[in-house]
Amino acid sequence: MDIEEKLAQIGITGTLYKLFLTTVRLGGASVTDVAAEAGLARTTAHDALAKLEAEGLVKFVDQGKRRFVVAQDPGILLERIEARRQMLTDVMPVLRSMYHHESGQPNVRFHPGPEGIRTALWDTLSGGDQVLRATLSMKELMAEPGLEEMERYLQERARRGIWLRVIRSVERDIAPIWPSSQELRRELRYAPAAHTLAMTCFVYGNKVCLISSARESYGMIIDSAEFAAFQAQLFDAMWSLSSPDIQPAISADRS
C-alpha cells in the first residue's frame with residue numbers, strides 16, 4: 001500500500017507527511033529530534049507540526065526548556081474524515097437550496113431499483129427541517145426497502161431530533177408497528193377510509209421524495225420549492241381530516 005499517496009488524498013503531503021510519519025514512528029520525541037529524523041530545519045518542522053497539532057494529529061508537551069511532540073492515535077484520521085462528512089451533510093441542504101434557487105430550475109432525480117429506493121429514503125433526512133411530513137404505504141415499504149432498513153432509518157431520524165408527522169392507510173398496514181411516540185419523535189394519524197395511500201411520499205425542505213412499490217422499484221426526488229410547498233399544503237389538508245393515533249387492529253392474515 002502506498003501510504004504517501006493515500007494520505008495525500010486527505011491533504012497530508014510534503015513536509016506534513018514527513019513529519020506526521022516520523023512522529024508516529026518515534027511515538028514521542030523532541031521537536032529537534034523529529035526535525036532531524038525527517039531531514040528538516042527545526043523552524044520549518046515546528047511550523048508544520050503546529051499545523052498537524054491544529055488538525056489534532058499531534059500534540060506538544062513542554063518539559064522544562066524542551067518541547068516534545070507526541071503523535072495522537074492514528075484513528076483520529078477516521079474521526080477527522082467523519083467530522084468533515086457530517087459537516088458537509090449538515091450544510092449540503094443549504095448549498096443545494098442556494099444552487100437551485102439561483103438557477104431557477106427544479107431538479108428531478110430518478111433512482112431505479114432497490115438501491116435507488118434506499119438512496120431516496122435516506123435523502124429525506126437532508127432537508128434541514130425539524131418536522132418531516134410523510135405518507136407511508138406500509139405494505140409496499142415492508143417489501144422494499146424492508147423492515148430492517150426502515151428501522152435503521154427511523155432510529156437515525158429520531159437520533160437527529162427530526163419529528164415525523166405521518167399518515168397511513170388502514171388498508172395498506174400489515175402490522176401494528178410504529179405508533180405515535182414522544183420518545184421516538186413520531187406522530188401518527190390514519191387517513192379516512194375512503195382514501196387509500198398506496199405510495200410513500202416525504203415532504204422535506206424544498207424536496208418531495210416518492211418511493212414506489214417493489215414491483216415498479218424506484219425512488220424519485222423532486223427538488224422544487226413550489227412543488228414542495230404545494231405537496232406540504234396537500235399533506236396538511238389530509239392531516240386535518242385524519243384520525244389521531246388510535247391504531248386499529250390489523251388482520252394477521254393481511255398480505
Side-chain angles (χ1 to χ4, degrees), residues 82 85-86 88-97 100 106-169 171-181 183-191 196-225 227-232 234-236 238-239 242:
E82 176 59 26
R85 186 199 67 79
Q86 186 58 54
L88 288 172
T89 297
D90 292 340
V91 303
M92 196 57 65
V94 177
L95 293 175
R96 282 177 172 165
S97 176
H100 292 302
N107 180 38
V108 179
R109 285 173 283 160
F110 183 79
H111 300 281
E115 185 59 35
I117 288 177
R118 288 189 288 274
T119 297
L121 173 68
W122 284 93
D123 188 79
T124 64
L125 299 183
S126 69
D129 290 356
Q130 290 302 304
V131 177
L132 182 64
R133 295 174 171 91
T135 58
L136 302 186
S137 182
M138 298 290 284
K139 182 177 180 180
E140 282 68 30
L141 287 175
M142 292 303 98
E144 194 65 61
L147 179 60
E148 184 176 344
E149 185 75 6
M150 283 301 300
E151 290 285 4
R152 281 196 295 268
Y153 164 82
L154 292 172
Q155 289 172 13
E156 177 61 18
R157 174 197 55 76
R159 188 190 69 80
R160 296 190 189 188
I162 302 172
W163 270 89
L164 177 64
R165 184 173 289 177
V166 56
I167 304 173
R168 287 156 40 185
S169 293
E171 183 179 339
R172 309 305 292 182
D173 269 20
I174 60 175
I177 58 175
W178 307 339
S180 292
S181 168
E183 180 183 0
L184 297 178
R185 294 177 170 83
R186 180 171 54 238
E187 186 176 1
L188 168 67
R189 291 191 181 185
Y190 278 92
T196 299
L197 306 177
M199 191 170 193
T200 292
C201 176
F202 293 87
V203 183
Y204 56 110
N206 291 322
K207 300 179 186 178
V208 176
C209 169
L210 302 172
I211 294 179
S212 76
S213 65
R215 181 176 63 83
E216 295 193 352
S217 193
Y218 69 85
M220 182 184 296
I221 300 170
I222 303 171
D223 192 340
S224 164
F227 185 68
F230 175 67
Q231 289 297 317
L234 290 180
F235 177 92
D236 291 344
M238 178 65 75
W239 181 261
S242 299

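Counting begins at 1 with the first residue of the sequence.
Not a single side chain to side chain donor-acceptor pair (under 3.5 Å) links Ser212 to another residue, sequence neighbours left out. Taking the salt bridge (charged side-chain N to carboxylate O under 4.0 Å, His left out) definition, one finds that Glu115 meets it with Arg118, sequence neighbours left out. Annotation: side-chain contact (heavy atoms from CB on, under 4.5 Å) contacts of Leu184 (sequence neighbours excluded): Ser181, Arg186. In this view, Ser224 and Pro106, Ile222, Glu226, Phe227 satisfy the side-chain contact (heavy atoms from CB on, under 4.5 Å) rule, not counting sequence neighbours. Taking the side chain to side chain donor-acceptor pair (under 3.5 Å) definition, one finds that Glu187 meets it with nothing, sequence neighbours left out. Tyr153 is linked by a side chain to side chain donor-acceptor pair (under 3.5 Å) to Thr124, counting only residues two or more places apart in sequence or in another chain. Looking at residues two or more places apart in sequence or on another chain, you find a side-chain contact (heavy atoms from CB on, under 4.5 Å) between Leu234 and Phe230, Gln231. Residues that satisfy the side chain to side chain donor-acceptor pair (under 3.5 Å) test with Trp122, not counting sequence neighbours, are Glu149. Evaluation of the salt bridge (charged side-chain N to carboxylate O under 4.0 Å, His left out) rule for Glu148 yields Arg152 as partners, not counting sequence neighbours. Taking the side-chain contact (heavy atoms from CB on, under 4.5 Å) definition, one finds that Ala214 meets it with Ala143, Glu144, sequence neighbours left out.
With rounding to the nearest 0.5 Å, the separation of CZ in Arg160 from CD in Gln130 is 11.5 Å. Annotation: the span from His111 atom NE2 to Cys209 atom SG amounts to 8.0 Å, rounded to 0.5 Å. Atom CE of Met142 is separated from atom OG of Ser137 by 10.0 Å, given to the nearest 0.5 angstrom. If you take CZ on Arg185 and CZ on Arg157, they are separated by 8.5 Å, rounding to the nearest 0.5 Å. Atom CD1 of Ile162 sits about 11.0 Å away from atom OH of Tyr204, to the nearest 0.5 Å. Here SG of Cys201 is found 10.0 Å from CD1 of Ile167. Values are rounded to the nearest 0.5 Å.
When side chains are defined from C-beta on, Asp236 counts as touching Arg133, because their heavy atoms get closer than 4.5 Å. Counting only heavy atoms from C-beta outward, the side chains of Thr135 and Phe202 never approach each other to under 4.5 Å. Residues Pro114 and Ser217 are in side-chain contact: their nearest non-hydrogen atoms beyond the backbone lie under 4.5 Å apart. Taking 4.5 Å as the limit, some side-chain heavy atom of Leu154 sits within range of a side-chain heavy atom of Leu164. Taking 4.5 Å as the limit, some side-chain heavy atom of Trp239 sits within range of a side-chain heavy atom of Arg165.
Taking all atoms of both residues into account, the shortest heavy-atom contact from Ala191 to Ser169 is CB-OG, 4.2 Å. Closest non-hydrogen pair, Met199 versus Ile211, comes out as CG-O, 3.4 Å. Residues Val203 and Ala228 come closest through the heavy atom pair CG1-O, 3.6 Å.
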Report the C-alpha separation of Val108 and Ile221 in whole Å, then their side-chain angles, then the decisive distance to 0.1 Å, and conclude whether the side-chain contact (heavy atoms from CB on, under 4.5 Å) test is met.
CA-CA 6 Å; Val108 179; Ile221 300 170; over 6 Å; no

Applying side-chain contact (heavy atoms from CB on, under 4.5 Å), run through Glu156 and Leu125 and close with a yes or a no.
CA-CA 9 Å; Glu156 177 61 18; Leu125 299 183; 3.9 Å; yes

Evaluate Leu147 against Ile177 for side-chain contact (heavy atoms from CB on, under 4.5 Å), listing each step before the verdict.
CA-CA 10 Å; Leu147 179 60; Ile177 58 175; 4.1 Å; yes

Please report the C-alpha distance between Arg168 and Leu188 in whole Å, then the side-chain angles of each, then the deciding distance to 0.1 Å, and finally whether the side-chain contact (heavy atoms from CB on, under 4.5 Å) criterion is met.
CA-CA 8 Å; Arg168 287 156 40 185; Leu188 168 67; 3.6 Å; yes

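A salt bridge links Lys207 to Asp123: at least one charged side-chain nitrogen sits closer than 4.0 Å to a carboxylate oxygen.
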